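Remember, it's a predicted structure, so these values are computed and weren't measured experimentally.
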Amino acid sequence: MRRMARFHATVELVRPRTLLVSPLSYCVGAAVAGHPFDAVVLLGVLIHIAAPLAANAHNAVTDLVEDGKNVPGRLTLVETAGVGLLRRTVYAGLALMLVLSLVISLAQSLLWVFSVFLVLGYSSPRWRLKGRPVVGMAVFSMAVTEPYIAGALLGDSWGEIPRYDSYEPLLIGLFLFCWYFAKGIMKNVPDYAGDKAAGLRTIPALMSSQHSAAWAAATATTLVYAAFPVLVLVGDLPDRLLVAALVGVPAVANMAAMVRARTPLQYNLVGQRDMYVSVVFLGLLLLGLRPTPGSALIGLLAVAVMAGSDVFGMDSRASRHLDRTDATVPAAGEGIQRSDA
């Protein structure tokens, strides 16, 4: 029973529903490169599942102060899983990424170094990049930008990098960066109180109130989705990509709900719905770039994994974890000491 409880707690802390945007972005990059969906791409998908998995395990250990206020139930999950197991999960994820990167290509191997910095630097006490307004959002944006770059750099051999005759790859990459930058602002709105208490200088935490932060997130999200069809038309991208622009409608509607939100539960539900919006958008983007049954299957599978995760409650931000807990909230710079090594 104890081992099963630790396993379930660890699964919730690595948050399966959040592990999908990175591999989807990688597939988008591979489609831009014209690389077939072969065994190499499958290995790349595994890398970009392992990266956010390791990041989530790492954040669970480092974000105890803000989580104690934002998602109190997460502290109980950390105690159940054990800090030692979570740290081993981080190291195992990074090691798997290294091995697979060395198999795939030289470019992917070099990107592994950057990925390690992203995974560890975002919330580590030493760098705490998440607490810097612009830098933190830029690093968060790498959750989709780095996988996209990795996919777009796939060549026909280990040391080859494809050459492009158009600006299409650059335009899509820049949009993905801006798109997830806006999402990062939205993501931090539900964490407004805890981030302020922890002294984090996220963009929402710099606002005078959580309501003002919600308006900032809604504005940024609306602008970035409105910019996408303009980018497609002006940037001479495939017209099929305009289908993905339709996702802007539920995205903006969800932001309207965030502006109306007043309780932690309401803010949290906005964030949960936004992840569905993001996955569907990337799925349609992939389908527009490579309109094949395989692309459609990848998108549907991603949505199914999210739905399954929610149905079975495999997420540390599930609504039940918003309730107060008896777990002790450590002081800033401290952590739950139990390691279960």
Side-chain angles (χ1 to χ4, degrees), residues 10-11 14-58 88-120 122 141-164 169 172-173 176-177 180 278-279 282-283 285-306 308-309 314:
T10 303
V11 170
V14 299
R15 308 193 64 199
R17 76 190 311 273
T18 68
L19 307 182
L20 303 167
V21 292
S22 291
L24 279 173
S25 299
Y26 179 78
C27 290
V28 169
V32 168
H35 197 284
F37 287 164
D38 55 10
V40 172
V41 171
L42 178 59
L43 294 180
V45 166
L46 292 177
I47 288 175
H48 292 96
I49 290 174
L53 185 151
N56 287 344
H58 185 254
R88 290 193 295 273
T89 300
V90 176
Y91 301 145
L94 295 178
L96 176 63
M97 290 167 59
L98 174 59
V99 172
L100 297 181
S101 295
L102 291 172
V103 172
I104 290 176
S105 69
L106 173 62
Q108 182 66 71
S109 301
L110 295 175
L111 283 172
W112 176 83
V113 179
F114 183 50
S115 297
V116 171
F117 172 72
L118 295 176
V119 169
L120 300 180
Y122 183 66
S141 299
M142 289 296 113
V144 296
T145 311
E146 185 278 332
Y148 169 78
I149 294 172
L153 292 180
L154 278 175
D156 295 329
S157 63
W158 191 81
E160 181 183 351
I161 294 178
R163 295 182 179 181
Y164 293 99
I172 294 176
L176 288 176
F177 176 85
Y180 228 63
S278 298
V279 166
L282 286 172
L285 185 60
L286 174 61
L287 188 61
L289 289 167
R290 179 172 286 175
T292 64
S295 296
L297 181 61
I298 290 172
L300 291 173
L301 181 61
V303 173
V305 170
M306 280 196 67
S309 175
M314 295 186 297

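Here the straight-line distance linking atom CG of L289 with atom SG of C27 works out to 11.5 Å at 0.5 Å rounding. How far CD1 of I149 is from OG of S25: 10.5 Å, rounded to the nearest 0.5 Å. The CG atom of L153 sits 6.5 Å away from atom CG of L111, with the distance rounded to the nearest 0.5 Å. If you take CG on L300 and CG on L297, they are separated by 6.5 Å, rounding to the nearest 0.5 Å. In this structure, CZ in R88 is found 9.5 Å from OG1 in T10, a value given to the nearest 0.5 Å.
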Show which side-chain atoms of residues 92-99 pair as donor or acceptor with protein atoms under 3.5 Å away, not counting sequence neighbours.
none

With a 3.5 Å cut-off and sequence neighbours excluded, list the donor-acceptor pairs that the side chains of residues 31-56 form with protein atoms.
residue : atom : partner : partner atom : Å
D38     : OD1  : V40     : N            : 3.2
D38     : OD1  : V41     : N            : 3.2
H48     : ND1  : G44     : O            : 2.8
H48     : NE2  : E146    : OE1          : 3.2
N56     : ND2  : V14     : O            : 2.7
N56     : ND2  : T18     : OG1          : 2.9
N56     : ND2  : P52     : O            : 3.4

Give the intermediate values and the outcome of side-chain contact (heavy atoms from CB on, under 4.5 Å) for residues F177 and I172. CA-CA 9 Å; F177 176 85; I172 294 176; over 6 Å; no
Steps toward side-chain contact (heavy atoms from CB on, under 4.5 Å) verdict (W112, V116): CA-CA 6 Å; W112 176 83; V116 171; 3.5 Å; yes
side-chain contact (heavy atoms from CB on, under 4.5 Å), that's the test. Do V113 and F117 meet it? Break it down for me. CA-CA 7 Å; V113 179; F117 172 72; over 6 Å; no
Please walk me through it: do M142 and Y180 pass side-chain contact (heavy atoms from CB on, under 4.5 Å)? CA-CA 8 Å; M142 289 296 113; Y180 228 63; over 6 Å; no
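A donor-acceptor pair is defined here as one N or O able to donate and one able to accept, closer than 3.5 Å; no such pair exists between the side chain of Y148 and the backbone of A143. For S309 (side chain) and V305 (main-chain N/O), no donor-acceptor pair under 3.5 Å exists by modelled atom type. S101 places no side-chain N or O within donor-acceptor distance of the main-chain N or O of S109, the cut-off being under 3.5 Å. Between the W158 side chain and the L102 main chain, a donor and an acceptor come within less than 3.5 Å of each other.
Sorted by first then second residue, the side chain to side chain donor-acceptor pair (under 3.5 Å) pairs that include residues 285-303, not counting sequence neighbours, are T292-S295.
Atom OH of Y164 has more than 12 neighbouring heavy atoms from other residues, nucleotides or ligands inside a 6.0 Å radius.
When all heavy atoms of M306 and L20 are compared, the pair lying nearest together is CG-CD1, 3.1 Å.
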